[in-house]
Asker: 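Sharing a structure with you now.
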There are 2 protein chains.
Amino acid sequence: MESPARPAGLRADSARVRARMLAEARRLLDSGDTDLPMNALAKAAGVGVGTVYRHFPSNQALLEALAEPGYAALVAMARAAADDPDPAAGMTDLLRAALHAQLTDASLAAVLSTPGATCRSTRDLGQELGEAARRVLDRARAAGVVRPDVTPDDVRRLTCGIRHAVRSGGNLDDVDRYLEILVDGLRPRP
Amino acid sequence: MESPARPAGLRADSARVRARMLAEARRLLDSGDTDLPMNALAKAAGVGVGTVYRHFPSNQALLEALAEPGYAALVAMARAAADDPDPAAGMTDLLRAALHAQLTDASLAAVLSTPGATCRSTRDLGQELGEAARRVLDRARAAGVVRPDVTPDDVRRLTCGIRHAVRSGGNLDDVDRYLEILVDGLRPRP
DNA sequence: ACCTGAACACCGTTCAAGT
DNA sequence: ACCTGAACACCGTTCAAGT
């Protein structure tokens, strides 16, 4: 599994095919389909199934490749949150960014809710996100706005959970309310 | 779809087959399998697939039949919570019961996270649970321990979400912590 | 090297044929 | 009436055969 943007050592035509598959996969995922069948992608991209598997060794790997840009953007947001002069605002920003990213991008939601990563780059991004989240949490804890026992993995799991809560309802207008509930719930007990 | 406990107007042997299927389905589900394939159930129960479908018109209907006893127990818990002399304790009891039920019974988790019910009895139970939850919420709101805008459906969605958060981690020891976070988060903002 | 697509082992669901 | 199990349309994944 390589980066979606022009992996090194790949022939021009092969890179073109790969780009077309990723574009078509993104289109299928954004069309509302919750899952992304390999055979459906092959047909949509006009290639054989084997070609899909040559570039993405499994459905999970495909989702990770698709999620990578959004994942990187989320890491950037988390780092910015860690540098926010207001630790409480940084904390809220981190949660909001994580939740928004998952609600906007189904592939990112799938990757974040799955424990083990298939490709190296995804694992690296997870590591980086964890480190940024740790800094956000340390500062928020020092400022007394989060419980002492909250870990970066708690943030991951709870935002995944809130995503499910938001999506299992008709309207998505409850995002802000549920985000408030999560932020308040993470505050230290009085 | 009828009640799993001896539906009316069913021949003795048919009722026996139905009971065996439900018992085997329960066994499969508790064995850790997250989903319950109809063909696998047929093989395990020693019947043809058609027989499974004769009793349970779909996989969702099967899950609902399987969930019914637990669902009824949860409704009873919710009613008890509504009668708790302490409204705050009643609120916590409701959330704890809903969460515990979903973590213990995969079929109940599936049913609660699915919006529409296939069988009448499941829909009725959902109605009853909603009414009990409304009473719990009304009293908790009057006592000032929950936000004014929380609805019974919020409780359903959020407990489903917290279940996902609990399950997406290695250990299930975080139930109590996540429950605290949810209870605190539902408190009125200061 | 890279691609194709038939093929395998699974899903949920249906339905003609049996008792 | 009730049951059986082959069959259909799908999944993810593999691999011999082609360019």
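Chain naming here is simple, since letters A, B, ... match the order of the sequence lines and numbering starts at 1 in each.
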Asker: Watson-Crick or G-U wobble partner for D/dC10, using a 3.5 Å limit on both distances?
Answerer: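 Here D/dC10 is not engaged in any pair, so there is no nucleotide opposite it.
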
Asker: Report, as yes or no, whether the 6.0 Å neighbourhood of atom CZ on B/Arg134 holds more than 12 heavy atoms from other residues, nucleotides or ligands.
Answerer: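 No, not enclosed.
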
Asker: Please determine, for C/dT19, whether a Watson-Crick or G-U wobble partner exists with both distances under 3.5 Å, and give it or none.
Answerer: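 Checking every strand shown, C/dT19 finds its partner in D/dA1, with both distances under 3.5 Å.
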
Asker: To the nearest angstrom, how far is A/Arg18 atom CZ from C/dA1 atom C1'?
Answerer: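 The answer, rounded to whole Å, is 17 Å.
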
Asker: Just checking A/Leu41: base, sugar-phosphate only, or nothing, at a heavy-atom cut-off of under 4.0 Å?
Answerer: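 No contact.
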
Asker: From C/dT4, C/dT13, D/dT13, pick the nucleotide closest to the side chain of B/Asn59?
Answerer: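 It is C/dT13.
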
Asker: Of the options D/dG12, C/dG5, C/dT13, whose atoms approach the side-chain atoms of B/Tyr53 most closely?
Answerer: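 The closest nucleotide is C/dT13.
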
Asker: Could you tell me the separation between the NE2 atom of B/His55 and the C1' atom of D/dC2, rounded to a whole number of Å?
Answerer: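 Spelled out: NE2 on B/His55 to C1' on D/dC2 is 9 Å.
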
Asker: Once you round it to whole Å, what is the distance between P of D/dC10 and CE of A/Met38?
Answerer: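 Rounded to the whole Å, the gap is 19 Å.
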
Asker: Which sits closer to the 5' end of DNA chain D, A/Pro37 or A/Gly50, going by the nucleotide each is nearest to?
Answerer: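 Result: A/Pro37.
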
Asker: Does A/Asp84 offer a backbone N or O that forms a donor-acceptor pair with the side chain of A/Arg139 under 3.5 Å?
Answerer: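 Such a contact is found between A/Arg139 side chain and A/Asp84 backbone.
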
Asker: Verify the contact: side-chain N or O of B/Asn39 to OP1 or OP2 of C/dC11, cut-off strictly under 4.0 Å; return yes or no.
Answerer: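 So the side chain of B/Asn39 is outside the cut-off, no N or O lying under 4.0 Å from OP1 or OP2 of C/dC11.
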
Asker: Counting side-chain heavy atoms from C-beta on, which of D/dT4, C/dC2, C/dT14 comes nearest to A/Arg54?
Answerer: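 For A/Arg54, the side-chain atoms sit closest to C/dC2.
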
Asker: Between C1' on C/dC10 and NZ on B/Lys43, what's the gap in Å once rounded to a whole number?
Answerer: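 Distance check: B/Lys43 NZ to C/dC10 C1' gives 11 Å.
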
Asker: Ignoring hydrogens and angles, tell me if any N or O in the side chain of A/Glu64 forms a donor-acceptor pair with the backbone of A/Thr118 under 3.5 Å.
Answerer: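 Present.
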
Asker: What is the distance from CZ of A/Arg20 to C1' of C/dC3, rounded to the nearest Å?
Answerer: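 So the two atoms are 12 Å apart, to the nearest Å.
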
Asker: Side chain of A/Thr51: nearest nucleotide among C/dT4, C/dT13, C/dC2?
Answerer: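 Comparing C/dT4, C/dT13, C/dC2 against the side chain of A/Thr51, the answer is C/dT4.
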
Asker: Taking all atoms of both residues into account, what is the closest heavy-atom pair of B/Arg135 and B/Ala82, and its distance?
Answerer: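 Heavy atoms only, the tightest pair is NH2-CB, 3.7 Å.
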
Asker: Taking everything shown except A/Arg167 itself, do over 12 heavy atoms lie less than 6.0 Å from its CZ?
Answerer: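 Result for CZ/A/Arg167: open.
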
Asker: Between atom CZ in A/Arg16 and atom P in C/dC2, what is the gap in whole Å?
Answerer: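 Rounded to the whole Å, the gap is 13 Å.
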
Asker: Between D/dC2, D/dG5, D/dT13, which nucleotide has the shortest distance from any of its atoms to the side chain of A/Ser58?
Answerer: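 In terms of side-chain proximity for A/Ser58, the closest of D/dC2, D/dG5, D/dT13 is D/dT13.
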
